[in-house]
Novice: 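Have a look at this one.
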Amino acid sequence: MSWMFKRDPVWKYLQTVQYGAHGNVSRLSYPTFFPRFEFQDIIPPDDFLTSDEELDSVLFGTLRGHVVGLRYYTGVVNNNEMVALQREPDNPYDKNAIKVNNVNGNQVGHVKKDLAAVLAYIMDNKLAQVEGVVPFGANNAFTMPLHMAFWGREENRKVVLDQLKKHGFKLIPPPKTLGFSLESNWGSGRAGPSYSMPVHAAVQMTTEQLKTEFDKLFEDLKEDDKTHEMEPAEAIETLLLPHQKQALAWMVSRENSEDLPPFWEQRNDLYYNTITNFSEKDRPENVHGGILADDMGLGKTLTAIAVILTNFHDGTPLPVERIKKNQLKKECNVNNDSVKLEGNTSEKADGLIKEGSRCSKESSISDIKEKNKYPMSEFSSSRPKRRKTADKYIESSDSEEFETTELPQKTKGKLKNAKSETKSRGKGLSAVEESKKTDLGEKPRTTLIICPLSVLSNWIDQFGQHIKSEVHLNFYVYYGPDRIRDPALLSKQDIVLTTYNILTHDYGTKGDSPLHSIRWLRVILDEGHAIRNPNAQQTKAVLDLEAERRWVLTGTPIQNSLKDLWSLLSFLKLKPFLDREWWLRTIQRPVTLGDEGGLRRLQSLIKNITLRRTKTSKVKGKPVLELPERKVFIQHITLSDEERKIYQSVKNEGRATIGRYFNEGTVLAHYADVLGLLLRLRQICCHTHLLTSAVSSSGPTGNDTPEELRKTLIRKMKLILSSGSDEECAVCLDSLTVPVITHCAHVFCKPCICQVIQNEQPNAKCPLCRNNIDGNNLLECPPEELASNTEKNTNMEWTSSSKINALMHALIDLRTKNPNIKSLVVSQFTTFLSLIETPLKASGFVFTRLDGSMAQKKRVESIQCFQNTAAGSPTIMLLSLKAGGVGLNLSAASRVFLMDPAWNPAAEDQCFDRCHRLGQKQEVIITKFIVKDSVEENMLKIQNTKRELAAGAFGTKKPNANDMKQAKINEIKTLIDL
DNA sequence: ACCGCCGGGTGCC
DNA sequence: ACCGCCGGGTGCC
C-alpha cells in the first residue's frame with residue numbers, strides 16, 4: 001500500500017462520533033422521551049427520527065496526541081486524513097485500548113496508552129464523541145501525530161475537561177467564531193505541506209438561507225446530463241413523456257457510467273477522496289444507480305420498466321426484433337416443451353402451456369392474481385388446493401421446470417416455464433450473444449424489484465400495459481406461500497418481483513433466503529423510504545442484497561431528514577458513506593449546524609445521484625404534467641340539536657377532566673385519555689353511533705394486578721388502532737399486521753417484534769424506548785372484541801346523521817347533473833363507511849369499498865371494478881383514508897368527499913392524489929365536510945400550522961423534546977378550546 | 001557508586 | 001526510532 005504526500009486542504013473537518021467501523025447502531029434508535037403513541041397522531045412519525053442526539057453536540061475543544069504501533073497494521077493514511085477512533089475493550093494488553101482506523105476501516109494503530117486511559121472513560125460513558133484527523137499521516141513508520149476534537153452535549157463539557165485534566169491533558173479551546181468548521185492550521189512540521197488559515201471564517205447560514213439553499217438542491221434540471229432524452233427500447237409499447245425520456249437517459253447513463261463516484265478523483269495512480277483525504281489504489285466503483293425521487297404520478301414505474309428493457313444487457317436493449325422474427329419458431333419451441341411436459345407432469349403444466357398460447361389478458365391477470373392473493377405464509381394458512389398443485393408441479397419436474405408468471409398482455413399473455421423461455425430466446429440470439437450466454441452462468445442477468453405489497457399488483461399491471469405483447473420476459477412474482485425458493489431458477493429470470501415483507505421474512509429464516517444468495521443485475525427499491533429505519537430487520541434484509549446496479553424509487557424523498565438520505569446512500573453503497581461516521585462528520589452535522597461546506601457537499605452529492613421532478617417542474621418550458629385543476633371546498637355542517645346535545649355533554653365532561661390534568665401538569669401522562677376524548681368528539685361529528693364503539697376511558701388505574709395492566713394495555717392498543725391514525729409498525733414501517741402491545745405500551749406487528757426479541761435475546765429491548773421486553777409479555781388484540789364492536793353497530797337500528805345527510809344530498813345532486821361522475825367517499829372510520837352503505841343502497845347507488853381490513857385479492861377486485869368505466873360499474877368508492885399505498889390509482893374518480901379531517905394534512909393530500917394523478921382527465925373537486933364549532937374546525941387550524949411547519953422544516957435543528965412537549969400541549973389546548 | 005554517564009538493545013495496545 | 005526508555009557496564013583528570 002502507498003499513500004499520498006500531497007492533498008488539498010479542502011475540508012478538514014474535525015467532527016465525529018466515536019462509532020466504530022460499524023457503529024453503535026443502537027444509538028440510531030428512536031429517541032425515548034415519550035411513548036410513541038402519544039405523538040403519532042399529531043406529529044408525523046418522521047419527526048421521531050430527526051431530533052438526533054448528535055445534533056445537540058457542541059465542540060469542547062481539540063487535543064493533540066499520538067497514534068502508535070503503526071508497524072503492526074496495514075492501514076495507511078494520508079496527511080490530513082480523517083481517522084476513526086474505536087474502542088477495543090477486549091484488548092488483552094489494555095482494556096482501555098483505542099484503535100485508530102482509516103476511512104476504509106483498516107487499522108492504522110492505537111492511541112497511545114496514557115491518552116487512551118482517559119479517552120476510554122470518556123468514550124465508554126458517552127461523555128463526548130472524539131474524532132480524529134491525522135495531520136501528517138504519510139510516511140510514518142512507528143508513530144504519527146493525531147488531532148482530536150471532542151464533541152458532546154453542553155452538560156458534559158465540565159466532566160470531560162475535568163477528566164482530561166486529571167490525566168494531565170488540556171483541551172485547546174475551540175475558536176470563538178464557530179466550532180464546527182475547524183480549519184486545521186496545525187501544519188508546518190516536517191511530514192507535509194503547511195496550510196494557511198482559510199481566507200473566510202466559517203459562515204453560519206440562517207435558517208432562511210439554508211432553506212433556500214436546500215430548495216435549490218433539486219432545481220437543477222437544466223444540467224445537461226439530466227435534460228438529455230433517450231428513446232426507450234422497442235419493447236416498450238407506451239410512448240414516454242419527455243420527462244420520462246430524460247429520466248431514462250439519465251438512469252441508463254448512470255448504470256453504464258465509468259465515472260468515479262462523487263468526491264473521488266484520480267491523482268497519479270491513486271484514487272483520492274476529497275472529503276476525507278483518503279486514497280487507495282483500487283478504483284472505487286461508482287454507484288451504477290441512484291435515486292429517482294420524482295413526485296408521485298410522474299411515472300416512476302414506467303420509467304423503471306423502460307430502464308430494465310432498454311439497458312437490458314451490457315448496455316443494450318432487449319432485442320425485440322429478433323424475437324419478432326422468431327415468433328413462429330418460438331411458438332414451436334413452446335409446443336415442444338409442452339409435449340415434453342405433458343409426458344412427465346401434471347395437468348397443471350399442460351394447462352400452463354395451453355393457456356399460454358392463447359389466453360386473454362383477463363385470464364392472464366386472474367392467474368397472476370391467483371398467485372398474489374395470499375399474504376405471507378407465516379401470517380395466513382395457505383390455500384390447500386394451490387399448494388398441492390404447485391408441489392406436484394415441482395416434484396414432477398426434476399429441477400429445470402419453473403413456473404414463470406407471464407405478464408398480462410393487452411392481446412395475449414403467456415404462462416410458461418423458464419426453461420422453454422431460455423431456449424427460445426437462445427435460439428433468437430446472435431452467435432455473440434449466444435457465446436456470452438454460456439459464460440453468462442456467472443454474470444447476473446436478473447432485476448429484482450422490491451415493493452410494498454400495496455403496489456405489487458400495480459407493478460404487474462404496468463408491466464402488462466407498457467410492454468409489447470410479443471415481447472417475452474421471464475418474470476416471476478416471488479410472493480405467496482408457494483413461491484419457489486430456488487436461487488438457480490430465480491437467477492434465470494429477467495425480472496423477479498417481491499415485497500419487503502417477503503424479503504424480510506426470507507432473510508429472517510436463516511440460511512433459507514434465495515434472494516440473498518443471488519447476485520442481481522439490478523435491484524430496484526420501490527418506495528425506498530421503507531428502509532429509513534436503520535434498525536429495522538427490513539432495512540438489514542435490503543442492505544444485504546448483492547447487486548451491480550441499485551435504484552431507489554421514492555415519491556417522498558429526502559424531504560424528511562438527512563437521516564433518511566443516509567439510509568438510501570448505504571443501500572447505494574456509496575463510498576465512504578457506508579459507515580455512518582463519515583456521513584455524520586462530513587455532511588449531516590455540518591449541514592445541520594449551518595455550515596456552507598457541508599451544504600455544498602450535500603448539494604453535489606444529491607445532484608450526482610438523484611433525479612427529482614415535481615408536478616410543477618418544467619421540461620422545455622412546459623409543465624411535466626398537465627393535470628386538470630384540483631379544487632378543495634370546505635362544506636360546513638351544522639349538527640342537529642340532538643347531535644349537538646350529545647357533543648356538548650361529551651365535551652363538557654372531557655374538558656373538566658382534561659382541565660384538571662392541565663392544572664396538575666399531567667396532560668401528557670394522560671395523553672391516551674386526551675386522545676380518547678378527541679376521538680369521541682370526532683366520532684360524534686360523523687355519527688353518534690360511532691361513539692358506542694369508542695373505547696370508554698376508564699378512570700385512573702392503579703393497574704397493579706397483571707389483569708388490570710393487561711386491560712389497560714389492551715385498551716391503549718385499541719385506542720391507537722381505532723383512533724384513525726395511520727399507526728405503523730416501527731420495525732417494518734408498514735401497517736400493523738397482527739398488532740401486539742408491549743408492556744411499555746408500544747405497538748408492533750407481532751412477527752416483527754418477535755423477530756427483534758429473537759435477534760437480541762436474551763436482553764431484547766423495545767425498539768422505541770429501549771425498555772426490556774419479553775416475548776411472553778406481548779399482548780395481542782383480542783379479535784373477538786374488535787368484531788363485537790362492529791357487530792354492535794350493525795345491530796343498531798340505522799339512523800342518519802347531519803354529515804350523512806349532507807353527503808347524500810351532494811351525491812344525489814351530482815348524479816342528477818352527471819350520472820357518470822365517480823366519487824370517492826373517504827373516512828378514517830370504517831364503521832362510518834359501513835353506516836354510509838345503508839343510504840347508498842337505499843338510493844340505488846352502485847358502490848364499492850376499499851379499506852385496510854380487506855384481503856389483497858378483494859382490494860384488487862374492488863379497485864379494478866371501480867376503475868372500470870363500463871355502464872353499471874360502481875360510481876362510488878367508500879375508501880378508508882389510509883387504505884392502499886401511495887401507488888393506489890383511483891383516477892376514475894373526479895370527486896372526493898372527505899367525511900372527516902385528518903390530523904395530518906399530508907395524509908389527506910396523499911388521498912386526494914389517488915385520483916388527482918396521471919390519467920385524470922377531469923377537474924377534481926374535493927369536498928371536506930367540517931362540523932361547525934367542533935373539534936374538526938380546530939383540527940383545520942392545526943393542519944395549517946403543520947403545513948407551515950413542514951414547509952420550513954428542513955435543515956435546521958429539530959425541536960427538542962421540550963419543544964415538542966410544549967407544541968403538543970398547545971395543540972391540545974387548541975383542540976378542546978381550553 | 002544506594003550515584004551519573006555511556007552506549008547497546010529495543011520498541012503498540 | 002535522527003526518538004525515549006530500559007538496564008548493564010562502568011567509574012579522577
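So you know, we letter chains A, B, ... as the sequences are listed, proteins then strands, and number each from 1.
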Novice: Sequence neighbours excluded, which residues qualify as side-chain contact (heavy atoms from CB on, under 4.5 Å) partners of A:A541?
Specialist: A:L503, A:T504, A:Y507, A:H516
Novice: What is the base-pairing partner of B:dC3, counting Watson-Crick and G-U wobble geometry with both distances under 3.5 Å?
Specialist: C:dG11
Novice: Tell me, please, which residues at least two apart from A:K575 pass salt bridge (charged side-chain N to carboxylate O under 4.0 Å, His left out).
Specialist: A:E280
Novice: With the threshold set at 4.0 Å, does a side-chain nitrogen-carboxylate oxygen contact exist between A:R87 and A:D124?
Specialist: yes
Novice: So A:V111, base contact, sugar-phosphate only, or nothing? Heavy-atom distance under 4.0 Å.
Specialist: sugar-phosphate
Novice: To the nearest Å, give me how far apart CZ (A:F142) and C1' (C:dC2) are.
Specialist: 12 Å
Novice: Output all residues satisfying salt bridge (charged side-chain N to carboxylate O under 4.0 Å, His left out) with A:D162, sequence neighbours left out; order by chain, then residue number.
Specialist: A:K158
Novice: Atom pairs, N/O to N/O, protein against nucleotides 8-11 of chain B, distance under 3.5 Å?
Specialist:
none

Novice: Could you check how far CG of A:N139 sits from P of C:dA1, rounded to whole Å?
Specialist: 11 Å
Novice: List in chain and number order the residues that pass salt bridge (charged side-chain N to carboxylate O under 4.0 Å, His left out) with A:E155, two or more places apart in sequence or in another chain; answer none if no residue qualifies.
Specialist: A:R153
Novice: On the ring face of A:F60, is A:R157 found with NZ or CZ under 6.0 Å from the centre and within 45° of the axis?
Specialist: no
Novice: Any pair with a residue in residues 111-122 of chain A that passes side chain to side chain donor-acceptor pair (under 3.5 Å), sequence neighbours left out, goes on the list, sorted by first then second residue, please.
Specialist: none
Novice: Write down the protein N/O and nucleotide N/O pairs, taken from nucleotides 3-6 of chain C, whose separation is under 3.5 Å; answer none if there are no such pairs.
Specialist:
none

Novice: Strictly below 4.0 Å, heavy-atom distances to any atom of DNA chain B: list the hits from residues 112-121 of chain A, or just say none.
Specialist: A:K112, A:K113
Novice: Roughly how many Å apart are C:dC13 and B:dC2, using the C1' atom of each and rounding to a whole number?
Specialist: 25 Å
Novice: Determine whether any donor atom in the side chain of A:D94 lies under 3.5 Å from an acceptor atom in the base of B:dC13, or the reverse, and answer yes or no.
Specialist: no
Novice: With sequence neighbours left out, write down each residue that passes side-chain contact (heavy atoms from CB on, under 4.5 Å) with A:V287, or none if nothing qualifies.
Specialist: A:R254, A:L572, A:L574
Novice: Quickly work out the A:Q107 CD to B:dC12 P distance and round it to whole Å.
Specialist: 13 Å
Novice: Please identify each residue that fulfils side-chain contact (heavy atoms from CB on, under 4.5 Å) with A:K573, with sequence neighbours left out.
Specialist: A:R550, A:L578
Novice: In whole angstroms, how far is the P atom of C:dA1 from the CE atom of A:M144?
Specialist: 13 Å
Novice: Please report, rounded to the nearest Å, how far the C1' atom of C:dA1 is from the NE2 atom of A:H66.
Specialist: 13 Å
Novice: Among all residues two or more places apart in sequence or in another chain, which pass the salt bridge (charged side-chain N to carboxylate O under 4.0 Å, His left out) test with A:E285?
Specialist: none
Novice: Can you name the residues that form a side-chain contact (heavy atoms from CB on, under 4.5 Å) with A:N91, not counting sequence neighbours?
Specialist: A:E88, A:Y93, A:A97, A:H110
Novice: How close or far is atom C1' of B:dC13 from atom CG of A:L70, stated in whole angstroms?
Specialist: 12 Å
Novice: For the C1' atoms, the ones on B:dC6 and on B:dA1, what distance do you get once it is rounded to whole angstrom?
Specialist: 15 Å
